[in-house]
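Let me begin by presenting the structure, written as structure tokens, before commenting on it.
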Number of protein chains: 2
Amino acid sequence: MGEKLTIQDIARLAQVSKATVSRVLNHNPSVDPALRDRVTRIVREHGFVPNVTATGLAGGRNPLIGVLAPPLTWPGIPEIMRGVAQYIEDSIYELVLYSINFERNHSDVLDRILSLRLVSSLLAILPGSLSPHLTNLYQTGLPLVLIDDQEAPGDIPWVGIDNAASAYDATRYLLEVGHRRIAHIVGPPTYYCSTQRLAGYRHALQCYGITHDPAFILQGDFEIESGRQIAANLFDGDRATWPSAIFAANDQMAFGVLDVTTQRGIRVPEDITLIGFDDHILSGYMQPPLTTVHQPFTEMGFKAAEVLIDILGATKGPPLRRSTDHPLHIQLPTSIVVRASSAAHSPSPAP
Amino acid sequence: MGEKLTIQDIARLAQVSKATVSRVLNHNPSVDPALRDRVTRIVREHGFVPNVTATGLAGGRNPLIGVLAPPLTWPGIPEIMRGVAQYIEDSIYELVLYSINFERNHSDVLDRILSLRLVSSLLAILPGSLSPHLTNLYQTGLPLVLIDDQEAPGDIPWVGIDNAASAYDATRYLLEVGHRRIAHIVGPPTYYCSTQRLAGYRHALQCYGITHDPAFILQGDFEIESGRQIAANLFDGDRATWPSAIFAANDQMAFGVLDVTTQRGIRVPEDITLIGFDDHILSGYMQPPLTTVHQPFTEMGFKAAEVLIDILGATKGPPLRRSTDHPLHIQLPTSIVVRASSAAHSPSPAP
DNA sequence: TTGTATGCGTTATCAT
DNA sequence: ATGATAACGCATACAA
């Protein structure tokens, strides 16, 4: 099993030339069926697997997919990677993981990765500051798929969710259980997902004919601490000015809000209803458990891997054949996970 | 930046032969300092990086480390991977991730991985049923490091914790705050860590002169449901028979216990004190937050990567030079994280 | 349809 | 100390 067989050995055993073995291995149609079977049998019998290194050198392409990912301890990343790994596992590809540390890595790291010529395709997860560089690389032919909610999707194949629609749904959910005074804690304004979620929130209010109250739009930064400060500030005000519900643009900020309500004895959802976004793995364990918008992280990873491998499969060696259709953007559906932070009752009977 | 320079190009630019450039690249001492500088400068100017594939084919070794890991959504795995990635990031190596699904993968998958000859070294995390196969491969020269608590460490380089000592510490902690009736929920008996933790528990009781009560040794299986059932069973009994404290061999079983205490209105820690093992990412968010033994997952990953790369560095090409010392086993220290499940008035941690 | 020969980019073994 | 040149294992253009 562990012997280092080469294509030469198989050729000798099958009484054919290396070239023929190679053709069989690569499913070249111009090979006699009988011969093909004989070679195939011997290959299988000996468990021969072509040396990836040699194949890569000779043929150009190798079955390696580079995955650029933030630290695996970030929320949602393990779930995404699980999906990626799941799809790749059933393919002929292998996964080369580049765990990037945004505080230390710059675009030269990306250059080095590609210079090694180990991987010739990339699946980038939340590339952040690397985005512009990746765009350049894509223009020059690098097969690339993005999972990114910080930048608006461009020409690059992209997998994600519809942030505006999801935020619309979350807000409408609150409206439908009777809330009319709904605040929104916004994420960093430079993030695409922040502005989209804000837009969805606004749109929902508009649809329900609710006049927009600027005091209910609260600027956060996705960190738990910002949720804490915003809540403290809000609850410092006269109770009459409080909203009856808060829609936080991510779960972490909602955690911050919960921290404050717990400290001050403000009841959730009786005094104030709370809904987050992401379905963080901790959300179901909060006190009370947090209602939130579930992001299908695993499915996103799975789909992104599928898209990339599709692109690779369609490629007949360099130069890469690019579809001239509109850019490939895949939006996966989200869903609202109702938990106790919103489930108790409606504050006022709906009309 | 993206041009495909070869060693030949550099040779031409530096007016030397490929061989010399190769020597400079590989820090071969037998090269004229002046020449070396000239070549080095040109290499840097052009950002030349040798093609990994070609290097691997010609030289045998490549800078690739295969990491065999369970699904990234398993407890502790992202933390371990974070440590692994952190160390590898600062080395010349790259990380090839093989996410293995224990329900589907068998040892033939391992064979295939090695047959590809992509990676020639492995870092295996909780290899489970792959252990015997890995042992064979190690015997035949595969550079390998294990992070595994299911099997007793053998000849293979190994990174982990001292389960017996850690369980001893946990039990002693309970004894020192006054408990004398301490139950232990044991993990699967086939796991090395289970028997070690049980041994540590027993040893601590012994040291405190406490007679061993078989009724306080409860057989679980590391799953949350077993904790639930054991607790239900325990609390069904006469209150006089209850222990005053429970030491669960992992946090998940402790979660199950907490589930039951909450349902039945049993106060923790007032009525019963609880301590777990692992410091699961959810433990600090339980109600009440769970006191537990912290496993230094990130450090374990970091250290394991360091050990493997040390081994690789000591290797002067195949055959691998093996140290004849005693097997390399590294035990990292654990620590007890005291939270409210064992300390009545400890503040609840901020998320 | 099949075999021969060349090349992929690098390292290593010879010479010089 | 440096330069040719032969591997490394495979794919492929070309010849047969």
Side-chain angles (χ1 to χ4, degrees), chain A residues 3-40 43 46 48-64 92 114-120 315-318, chain B residues 3-40 42-43 46-64 92 114-120 315-318:
Chain A
E3 314 84 11
K4 38 165 83 181
L5 283 179
T6 74
I7 202 173
Q8 184 68 276
D9 299 320
I10 302 298
R12 196 182 316 111
L13 290 165
Q15 315 265 45
V16 295
S17 71
K18 302 191 305 180
T20 299
V21 178
S22 177
R23 291 191 189 99
V24 171
L25 256 20
N26 295 292
H27 306 97
N28 188 320
S30 71
V31 58
D32 185 86
L35 228 187
R36 178 173 51 66
D37 289 348
R38 179 151 55 95
V39 172
T40 303
V43 164
H46 294 262
F48 171 72
V49 178
N51 179 317
V52 178
T53 297
T55 304
L57 228 206
R61 288 176 314 287
N62 63 17
L64 267 32
I92 59 165
L114 295 174
S115 300
L116 284 171
R117 312 221 156 251
L118 211 210
V119 302
S120 45
T315 300
K316 300 280 189 182
Chain B
E3 314 85 12
K4 38 165 82 181
L5 283 179
T6 74
I7 203 174
Q8 185 67 276
D9 299 320
I10 301 298
R12 197 182 317 111
L13 289 165
Q15 315 265 45
V16 295
S17 71
K18 304 190 305 179
T20 299
V21 177
S22 178
R23 290 190 189 100
V24 171
L25 256 20
N26 294 291
H27 306 98
N28 187 320
S30 73
V31 58
D32 185 85
L35 227 187
R36 179 174 49 68
D37 289 347
R38 179 150 56 94
V39 173
T40 303
I42 294 185
V43 164
H46 293 262
F48 171 72
V49 178
N51 180 318
V52 178
T53 298
T55 304
L57 226 208
R61 289 174 312 289
N62 64 17
L64 268 32
I92 59 165
L114 294 174
S115 299
L116 283 171
R117 313 224 156 248
L118 211 210
V119 302
S120 46
T315 300
K316 301 282 189 181

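In what follows, chains carry the letters A, B, and so on, assigned in the order in which the sequence lines appear, proteins first and then strands, with residues in each chain numbered from 1.
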Exercise. Please give, in whole Å, the distance from C:dC8 P to B:Asn51 CG?
Worked result: 12 Å
Exercise. Looking across every strand, which nucleic acid part, if any, lies under 4.0 Å from B:Leu35 by heavy atom: base, sugar-phosphate, or nothing?
Worked result: sugar-phosphate
Exercise. Do the non-hydrogen side-chain atoms of A:Val39 and A:Val31 ever get within less than 4.5 Å of each other?
Worked result: no
For this session: Give the nucleotide from the list C:dT2, C:dG9, D:dG9 with an atom nearest to the side chain of B:Ala54.
Result: C:dG9
Exercise. Do side-chain atoms of A:Asn62 reach the backbone of A:Thr55 as a donor and acceptor pair under 3.5 angstrom?
Worked result: no
Problem set entry | Length of the CG-P vector between B:Leu57 and C:dA12, whole Å | 13 Å
Exercise. Do the side chains of A:Thr6 and A:Asn51 get nearer than 4.5 Å, heavy atoms only?
Worked result: no
Problem set entry | Separation of C:dT1 P from A:Lys18 NZ (nearest whole Å) | 22 Å
For this session: Of all the heavy-atom pairs spanning A:Thr53 and B:Leu57, show the shortest one and how long it is.
Result: CG2-N, 3.3 Å
Exercise. Rounded to the nearest Å, what distance is computed from the NZ atom of residue B:Lys4 to the P atom of nucleotide C:dT10?
Worked result: 12 Å
For this session: Would you indicate whether the side-chain heavy atoms of B:Phe48 and B:Ile7 approach each other to under 4.5 Å?
Result: yes
Exercise. Among the nucleotides D:dC10, C:dT2, D:dA1, which one has an atom lying closest to any side-chain atom of B:Ser30?
Worked result: D:dA1
Problem set entry | A:Ile10 side chain reached by A:Leu25 side chain, heavy atoms, under 4.5 Å | no
Exercise. Which of these nucleotides, C:dT11, D:dC10, D:dG3, is closest to any side-chain atom of B:Thr55?
Worked result: C:dT11
For this session: Can you tell me the distance, in whole Å, between the CG atom of A:Leu5 and the C1' atom of D:dC8?
Result: 16 Å
Exercise. Side chains of A:Val16 and A:Leu35: closer than 4.5 Å at any heavy-atom pair?
Worked result: yes
For this session: When you get a sec, tell me which of C:dT11, D:dC10, C:dT4 is the closest nucleotide to the side chain of A:Ala19?
Result: C:dT4
Problem set entry | Atom pair distance, as rounded to whole Å: CG in B:Asp37 and C1' in D:dA1 | 15 Å
For this session: For B:Thr20, answer base if it contacts any base atom (sugar-phosphate contacts may also be present), sugar-phosphate if it contacts only those atoms, and nothing otherwise; contact means non-hydrogen atoms under 4.0 Å.
Result: sugar-phosphate
Problem set entry | Interface residues of residues 7-16 of chain B with DNA chain C (non-hydrogen, below 4.0 angstrom) | B:Ile7
For this session: In whole angstrom, give the distance that lies between atom CZ of B:Arg23 and atom P of D:dG3.
Result: 8 Å
Seminar exercise, completed: A:Asn28 atom CG is separated from C:dG3 atom C1', nearest whole Å, by 14 Å
Seminar exercise, completed: Picking from D:dA4, C:dT10, C:dT4, the nucleotide nearest the side-chain atoms of B:Ser17 would be D:dA4
